Trainee: 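So that we are looking at the same thing, I have put the structure below in C-alpha cells.
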Number of protein chains: 4
Amino acid sequence: MSITRAGDLVLLISPEHKRYLIKLQPGGSWFSHRGSIEHDVLIGQPLGRTVNTQHGYAYLALEPSTNDLIQDMPRTTQIIYGKDAAQIVLRLNLYPGRRIVEAGTGSGGLTLLLARTVMPTGQVYSYETRPESYAMARDNLVELGVQPYVTLYNEDISAGFHETEVDACFLDVREPWLFLDQAWTTLKGSGFFGALLPTANQVSELLTGLEARPFGDIAVEEVLIRPWKPVPARLRPADRMLAHSAFLIFARKIARDDPSLKLSWMPEKKQRAYLAKQVMAQREAARNCEPPLEMPEPDKVDQVDEVDAVDEVATVSACRRD
Amino acid sequence: MSITRAGDLVLLISPEHKRYLIKLQPGGSWFSHRGSIEHDVLIGQPLGRTVNTQHGYAYLALEPSTNDLIQDMPRTTQIIYGKDAAQIVLRLNLYPGRRIVEAGTGSGGLTLLLARTVMPTGQVYSYETRPESYAMARDNLVELGVQPYVTLYNEDISAGFHETEVDACFLDVREPWLFLDQAWTTLKGSGFFGALLPTANQVSELLTGLEARPFGDIAVEEVLIRPWKPVPARLRPADRMLAHSAFLIFARKIARDDPSLKLSWMPEKKQRAYLAKQVMAQREAARNCEPPLEMPEPDKVDQVDEVDAVDEVATVSACRRD
Amino acid sequence: MSITRAGDLVLLISPEHKRYLIKLQPGGSWFSHRGSIEHDVLIGQPLGRTVNTQHGYAYLALEPSTNDLIQDMPRTTQIIYGKDAAQIVLRLNLYPGRRIVEAGTGSGGLTLLLARTVMPTGQVYSYETRPESYAMARDNLVELGVQPYVTLYNEDISAGFHETEVDACFLDVREPWLFLDQAWTTLKGSGFFGALLPTANQVSELLTGLEARPFGDIAVEEVLIRPWKPVPARLRPADRMLAHSAFLIFARKIARDDPSLKLSWMPEKKQRAYLAKQVMAQREAARNCEPPLEMPEPDKVDQVDEVDAVDEVATVSACRRD
Amino acid sequence: MSITRAGDLVLLISPEHKRYLIKLQPGGSWFSHRGSIEHDVLIGQPLGRTVNTQHGYAYLALEPSTNDLIQDMPRTTQIIYGKDAAQIVLRLNLYPGRRIVEAGTGSGGLTLLLARTVMPTGQVYSYETRPESYAMARDNLVELGVQPYVTLYNEDISAGFHETEVDACFLDVREPWLFLDQAWTTLKGSGFFGALLPTANQVSELLTGLEARPFGDIAVEEVLIRPWKPVPARLRPADRMLAHSAFLIFARKIARDDPSLKLSWMPEKKQRAYLAKQVMAQREAARNCEPPLEMPEPDKVDQVDEVDAVDEVATVSACRRD
C-alpha cells in the first residue's frame with residue numbers, strides 16, 4: 001500500500017470541491033477559513049481518505065495528478081488547460097522515447113506534462129527568452145523531479161533550435177509564424193508541428209505561414225469540455241463552462257521542394273484541371289521542344305477546361321533533342 | 001534521418017484528405033480508384049513527401065500517429081475516438097511506470113494508447129470476455145509491438161481482477177455499475193477510476209453505484225472537438241462535427257468506512273446542519289450516556305436547525321461510565 | 001424621430017456593459033455607485049445616446065428589447081433565457097393570429113414573448129397554480145401592456161385546459177408527463193407541442209409519455225449560444241459561456257387510433273419485417289379464413305424473416321365467406 | 001377542426017424522418033421510391049395522421065411550420081438556418097408592427113420569417129441586386145402569401161435605403177462593412193442592427209467598421225443546436241451536428257457625435273485615466289485659457305497616471321475671459 005512521506009505533494013479537496021496542493025512537512029500545518037490540518041496526520045498514512053480540521057470539516061486527501069500539479073504551479077504566465085495539453089500530446093504523437101522541442105517554456109506547465117510523457121528515454125528541449133519565466137520554470141521542474149528529461153534554454157529562438165531530427169515541435173509564443181523556418185529545420189521528415197493561439201487573427205497569420213512552406217496535413221481545432229453535475233437523479237450539464245482557451249493548430253513537415261506538395265493540397269477538381277493543363281503543355285512542348293509549363297497558382301487553374309486527358313500525364317514523352 | 005523499412009506502417013493522405021494505412025512490403029502495391037502506388041517507391045526513403053499514382057495523383061506519405069493506428073485497426077466493436085482517449089489518459093494520470101486495469105479490451109484501440117503511455121516500465125492489464133474480440137485485440141497488439149506492456153485476459157470480471165494496488169482502473173463495458181466493487185478492490189488507495197458510457201441513463205446508473213461506495217471526486221464530462229477549415233483568408237469552423245461519442249465518468253478510490261466520506265461531499269449548509277445535530281446528540285448522550293446518533297441520510301439533514309454549535313463537535317467529551 | 005415619454009422603460013448600459021432597466025418618471029433619479037442620472041435628462045429626448053452621471057461616467061441609453069424586459073422582470077421563478085424562448089417560438093410555429101396554451105405561467109417571462117408574437121389577433125392562454133406567481137405574472141403583463149393578448153388562469157391543469165383546437169401547447173412544469181392527455185386534447189390535429197426540462201431524467205420520462213400517446217415528429221434539442229469578444233484585431237470567443245439552461249422537447253399531435261402511427265415510426269428495416277409478417281399472416285388467413293395478425297410490439301418484429309413480399313401487403317385479398 | 005383544402009401546403013415525413021412539402025391539387029399524386037400517395041386522400045381531411053403509399057408505407061402528414069417552408073424554398077443561394085433566424089428575430093426585437101430593412105433578399109427565406117413576424121401592421125423592406133434572386137424571392141413570397149407585408153426592391157444599396165426611422169436593419173451581404181453608413185442612416189435612434197457572416201475574417205472587418213461609427217452594444221455570437229436522439233431508455237445526443245453556419249453580429253445605432261460614445265466603451269480603468277487627464281487639461285486650460293484637450297485614442301490613455309481627480313471633471317469651471 002502506498003504511504004505518504006515527508007516531501008510528498010498531497011491534494012486536498014474542500015467540501016465545496018475546491019482543490020489545494022500541499023507539500024508534507026513534519027510538524028507543518030495547513031490553514032483554511034474552516035480551521036487547520038496538521039501535516040503529521042497525513043505523513044506515513046495512505047491517501048484516499050478524509051482528514052478533519054479541528055472544527056470538524058472533512059477534506060478529501062488524494063494523490064495529485066499531473067494536471068493538478070500544473071494548475072497549482074507558481075506562474076508568470078497563463079497556465080495551459082488540461083484539455084488542451086491532452087490533445088497536444090495526442091496530436092504530436094508523444095510517448096516514451098520521443099524528442100520534442102518546445103517554445104516558450106512559460107512557467108513550465110506543459111513542459112511538465114511533456115516530460116512525464118516522453119520519459120525515461122525521451123527528452124523535452126524547451127526554450128524561453130524571459131529570464132524570470134526561465135527561472136520559475138526551472139525551479140518548478142526541479143521541484144517536480146523531471147529535470148533529467150528536460151533541457152531548458154534561456155534563449156531566443158530566432159537563430160533556430162540546437163536540435164535536429166526531433167519528432168515534434170510545439171510553439172506557444174505570441175507570433176509563431178515568425179519561427180516556422182526554425183520549426184521546419186528542427187523537425188525530422190514527417191515530424192509533428194503544433195501551436196496554440198488565443199485569437200482567430202493569429203490563426204489566420206499562422207496558416208498563411210504554414211501554407212507558404214513545406215507543411216502538410218494542416219488542422220485547426222478547439223477542444224471543449226462540457227462538465228455535467230454528477231447527480232444521478234437530476235443529471236444535467238453544469239450551468240457554466242469554459243467557452244474558450246485557445247485554438248490548436250497542427251501540421252506535418254514535408255520535404256522542401258516536394259514537386260507535388262502544392263498539387264496534393266488542391267481540391268480534386270483543381271487537380272484534374274491542373275493535370276489536364278500539364279498534359280496539354282507537354283503535348284505542345286513535345287511538338288515544339290520548348291520547356292514545359294510552370295506550376296500555376298492554385299486558384300488560377302479553375303478556369304482551365306477539364307479535358308479528360310489526365311491519364312496521359314505520366315505517359316507523354318519528354319522532348320528529346322538529338 | 002529516419003528511413004522507412006519493409007514492415008513499417010505508413011499513412012497515405014489522399015487529395016480529398018482521406019487517410020489510408022499501409023504496411024510496406026517489397027514488391028507490394030497499394031490500389032485506389034486514382035491508380036496504384038508501388039511500395040518500393042516508399043521503402044528505404046524518408047517520409048514527409050508526396051508519392052504519385054501512375055495517373056499523376058499525389059498522396060502525402062507520413063509516419064502514422066498512435067491515433068491513426070487506432071482508427072485503422074481491424075475491429076469488432078466501436079473504436080474509441082482520439083479526443084476521448086486523450087482525456088482518459090490525462091484524467092487517469094497515466095505516464096511511464098503506471099499500472100492500469102482495463103475492461104473490456106474490445107479491439108484493443110484504447111489498450112494500444114494506454115500501453116504506449118505507461119511503457120516501458122508500466123503495464124496494462126486488460127480483460128475481455130468475448131473470444132473473438134480477445135483474439136482480435138491480441139493480434140492487433142502483437143502486430144503493433146506493444147504486447148510486452150499488456151497482460152491480456154480472456155476472462156469475465158465478475159469474479160474480480162487479478163491485480164491489486166493498481167494506479168488506475170478503466171471500465172468500457174455496457175454495465176460498469178455491476179463491477180464497482182471489483183474496481184474498488186483492484187485500485188490502490190486514492191487510485192483513479194474511469195468509465196465511458198454512451199447514454200445518460202447509463203451515467204445515472206453508474207453515478208448511483210459510485211455514490212453507494214467509497215468513491216470521491218466524482219466527475220462527468222463530455223469532450224467536444226470543433227474542427228476549423230484551415231483557410232487563412234476565410235477562417236471558419238467546419239460545417240459539421242461529431243456531436244457525441246460518449247460521456248466520461250471519473251472518480252477516486254476512498255478508504256472503506258471512511259468516517260467523514262459522506263460528510264465531505266455534503267454541501268456546506270448540510271454539513272453545518274449535520275455537525276450541529278452531532279453536537280446536540282453528543283450533549284444528550286453525555287447527559288444520558290446513551291450511544292450517539294447514527295449518521296443520517298444526507299437529504300434528511302436539511303430540516304435540522306442550524307445552531308451555531310459546530311465548533312463544539314470535536315470538544316464534547318464522550319460518555320464515561322465509571 | 002421617436003422621443004421618450006414619462007412612463008417609458010429605458011435600458012441603461014454601464015461602462016462594464018451591465019444592463020439596467022428604468023421607468024422614466026418626471027423628477028426621478030437613478031442611482032448607481034458611479035453617481036446618479038436624472039430621469040428628466042432622458043424624458044422628451046431620443047434614445048441611442050449616452051448620458052452622464054454627475055461624476056462623468058457615461059451610460060448608454062437604449063430602447064429595451066422584449067428580451068431585456070424578460071431578463072429584468074420581478075420573478076418568483078427561474079426566468080427563461082432568450083436563446084430558448086426564440087427557439088420555442090420558431091419550433092411552435094407562432095406568429096400573429098396563433099392561439100397557444102402555456103403552463104405554468106411562472107413570472108410571465110415567456111408569456112410576454114408569446115403575447116408579443118401572436119398579437120394582435122392571436123391569444124395566449126396561460127395557466128399557473130401558485131397564487132403568488134399568478135399575481136406577479138399578472139402584474140408584470142399588465143405593466144408591459146400585453147394583457148389584451150393573454151388569458152391568465154390561476155388553475156391547476158390536471159382537469160384539462162379550457163381551450164380546444166389551439167395551434168400550440170407549451171408545458172414548463174416540473175412533471176409535464178402527467179399532463180400529456182390534457183395537452184393532446186387542447187391541441188388541434190397536427191398541433192405543436194413543446195416542453196422545457198432541466199434534467200436528462202425528466203426528458204426520458206417525458207419521451208416515454210409521448211411515445212405512449214399519439215404524438216409524432218418528436219425531437220429533443222439544446223440551444224447553445226457561444227459569445228465572442230467583439231474586438232476586431234483580437235477576435236476570439238468569450239472565456240466562459242452558459243453551458244446549460246434546459247432541454248427543449250417538441251412533438252406534433254397525431255390522430256388517436258391512427259392505424260399506422262406505430263408503423264410510421266419504426267425504422268425502415270423493422271417496417272419491412274412487419275409488413276412482410278402482415279403479408280404472410282394475410283395469406284394464411286386467406287387460406288384458413290381466420291382473423292389476421294394483431295399489430296406486434298415494435299421491438300419484437302426484428303426477428304421476423306424479411307421476405308421480399310412487402311408489395312403484396314395491399315393486394316392480398318381479404319377472406320370472404322360465401 | 002382544421003381541414004385541408006386544395007392549394008394547401010402539407011408536410012410529409014417519411015419513415016426515415018425525411019421531410020417533403022407538397023401542394024395539394026385535386027387529382028394530383030406524390031411519388032417516392034416507396035410508392036405514391038394521392039393528393040385526394042389528403043384534401044378535405046384533417047392533418048396530424050399517417051397516409052399510406054400503395055406499398056403500405058406510412059407517411060406522417062402535418063401542417064408545415066414557417067421553418068419547414070423556408071428549408072423547402074426554391075433557392076439560388078444558401079438558405080438561412082432556423083436556429084439563426086430565430087435568434088435574429090429575438091435580437092432585432094421584431095414583433096407585429098415593426099419596420100425592418102433587409103439586404104440582400106436572397107431566395108426570400110429570412111424575408112418570409114420576418115414578414116410573418118411583423119405582420120399585419122409592420123413591414124419588411126428587402127433589397128436584392130441580382131435579378132434572378134429578386135425574381136425567385138418575389139415568386140416565393142407571393143406563393144406563400146406574405147407579399148402585403150414585404151416591399152421588395154431589385155436595387156443596389158450603395159446609394160442608401162429608401163426608408164428612414166426603421167426599427168431594425170439586417171445585412172446578409174458579403175461585405176456589410178461597405179454599407180454601414182447606409183444602415184446607420186435608415187435606422188431610428190437606438191435602432192437594432194444585425195448581420196450574418198460565415199467567416200471570422202469578415203467579422204473582424206465588420207467590427208472595425210462598426211467601431212469607427214456611432215454604434216454601441218456590439219455583440220458577436222454563434223448559435224449551436226445540439227440534437228438528441230429521442231429514445232427514452234437510451235437518451236444521448238445525436239452522433240453528428242451542424243458545427244457552423246454563420247456568425248451573428250448585432251449592434252445599436254447611437255447618435256452621431258455623441259460626446260461620450262467612445263468614453264462609454266472604454267474599460268473602466270481607461271475611463272478613469274481619461275477622465276483624470278481631462279480634469280488636468282481643464283485645470284491647465286483654466287489657468288491659461290487655452291482650448292481643452294482633444295479626445296485621445298482609447299489605447300493611448302493607459303499610460304496616464306490615474307490621479308483620483310475624476311469627480312472634479314464636472315466641476316472645473318470653464319475659462320472665462322473678462
Side-chain angles (χ1 to χ4, degrees), chain C residues 2 13 15-16 46-50 52 54-56 58 60 62-63 65-67 82 86-87 90 93 95-96 116 119-120 188-190 200 203-204 207-208 216-228 230 232 235 252-255 258 260-261 263-264 268 271 275 310-311 313-314, chain D residues 2 13 15-16 46-50 52 54-56 58 60 62-63 65-67 82 86-87 90 93 95-96 116 119-120 188-190 200 203-204 207-208 216-228 230 232 235 252-255 258 260-261 263-264 268 271 275 310-311 313-314:
Chain C
S2 57
I13 307 186
E16 322 91 317
L47 291 174
R49 59 196 188 92
T50 60
N52 289 344
Q54 80 271 31
H55 296 167
L60 191 51
L62 298 172
E63 176 193 24
S65 72
T66 305
N67 193 37
Q87 184 73 358
L90 180 88
N93 200 33
Y95 50 79
R116 284 206 169 179
M119 70 182 191
K188 72 178 183 187
S190 172
V203 174
S204 281
L207 289 175
T208 302
D217 197 21
I218 300 170
V220 178
E221 53 196 31
E222 301 176 86
V223 183
L224 295 162
I225 297 281
R226 195 173 188 213
W228 283 59
L235 192 66
R252 303 294 292 274
K253 172 177 173 171
I254 308 300
D258 184 294
S260 298
L261 176 61
L263 180 63
S264 98
E268 183 173 3
Q271 282 205 24
L275 290 170
V310 173
D311 291 3
V313 168
Chain D
S2 57
I13 306 185
E16 321 92 317
L47 290 174
R49 60 196 186 92
T50 61
N52 289 345
Q54 80 270 32
H55 296 167
L60 191 51
L62 298 172
E63 176 193 24
S65 73
T66 305
N67 193 36
Q87 184 72 358
L90 180 88
N93 199 33
Y95 50 81
R116 284 206 169 179
M119 71 181 189
K188 72 178 183 187
S190 172
V203 174
S204 281
L207 289 175
T208 302
D217 198 21
I218 300 170
V220 178
E221 52 196 30
E222 302 176 86
V223 184
L224 295 160
I225 298 281
R226 197 172 187 215
W228 284 59
L235 192 65
R252 302 294 292 274
K253 172 176 174 172
I254 308 299
D258 184 293
S260 298
L261 176 62
L263 180 62
S264 98
E268 183 173 2
Q271 282 205 24
L275 289 171
V310 174
D311 291 2
V313 169

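Please read all numbers here as calculations on a predicted model, not as lab measurements. Per chain, numbering begins at 1; letters A, B, ... match sequence-line order.
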Trainee: Taking D:S190 for its side chain and C:E63 for its backbone only, find out whether a donor-acceptor pair lies under 3.5 Å.
Mentor: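 Present.
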Trainee: If the condition is side-chain contact (heavy atoms from CB on, under 4.5 Å), which residues does D:I225 pass it with, not counting sequence neighbours?
Mentor: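 For D:I225 the side-chain contact (heavy atoms from CB on, under 4.5 Å) partners, ignoring immediate neighbours, are C:Q87, C:E221, C:V223, D:K83.
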Trainee: For a 4.5 angstrom cut-off between non-hydrogen side-chain atoms, does D:Y95 reach C:T66?
Mentor: yes
Trainee: As an exercise, state the distance from OG1 of D:T50 to CD1 of C:I254, rounded to the nearest 0.5 Å.
Mentor: 8.0 Å
Trainee: Restricting to non-hydrogen atoms, name the atom on C:P96 and the atom on D:M119 that form the minimum distance, rounded to 0.1 Å.
Mentor: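 So the minimum-distance heavy-atom pair works out to CG-O, 3.0 Å.
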Trainee: My understanding is that only residues two or more places apart in sequence, or in another chain, count here; which of them pass side-chain hydrogen bond (donor to acceptor under 3.5 Å, both in side chains) with C:S65?
Mentor: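 Only C:D68 meet the side-chain hydrogen bond (donor to acceptor under 3.5 Å, both in side chains) criterion with C:S65.
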Trainee: Contact part of D:K253 toward chain C, heavy-atom cut-off under 4.5 Å: side chain, backbone, both or neither?
Mentor: backbone
Trainee: Which atom names give the shortest non-hydrogen contact between D:T208 and C:P232, and what distance separates them?
Mentor: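 Scanning both residues, the minimum pair turns out to be OG1-CB, 3.2 Å.
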Trainee: Counting heavy-atom pairs under 4.5 Å with chain D, which one of C:P120, C:G82, C:P230, C:A255 comes out on top?
Mentor: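 Greatest number of close heavy-atom pairs with chain D: C:P230.
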Trainee: Rounded to the nearest 0.5 Å, what's the gap from CG on D:L47 to CZ on C:R252? Could you check?
Mentor: 8.5 Å
Trainee: Less than 4.5 Å apart, any side-chain heavy atom of D:N67 and any of C:N93?
Mentor: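 With C-beta onward as the side chain, the pair stays apart.
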Trainee: If I compare all heavy atoms of C:L235 with all of D:A200, which pair ends up nearest, and what's the gap?
Mentor: CD2-O, 3.4 Å
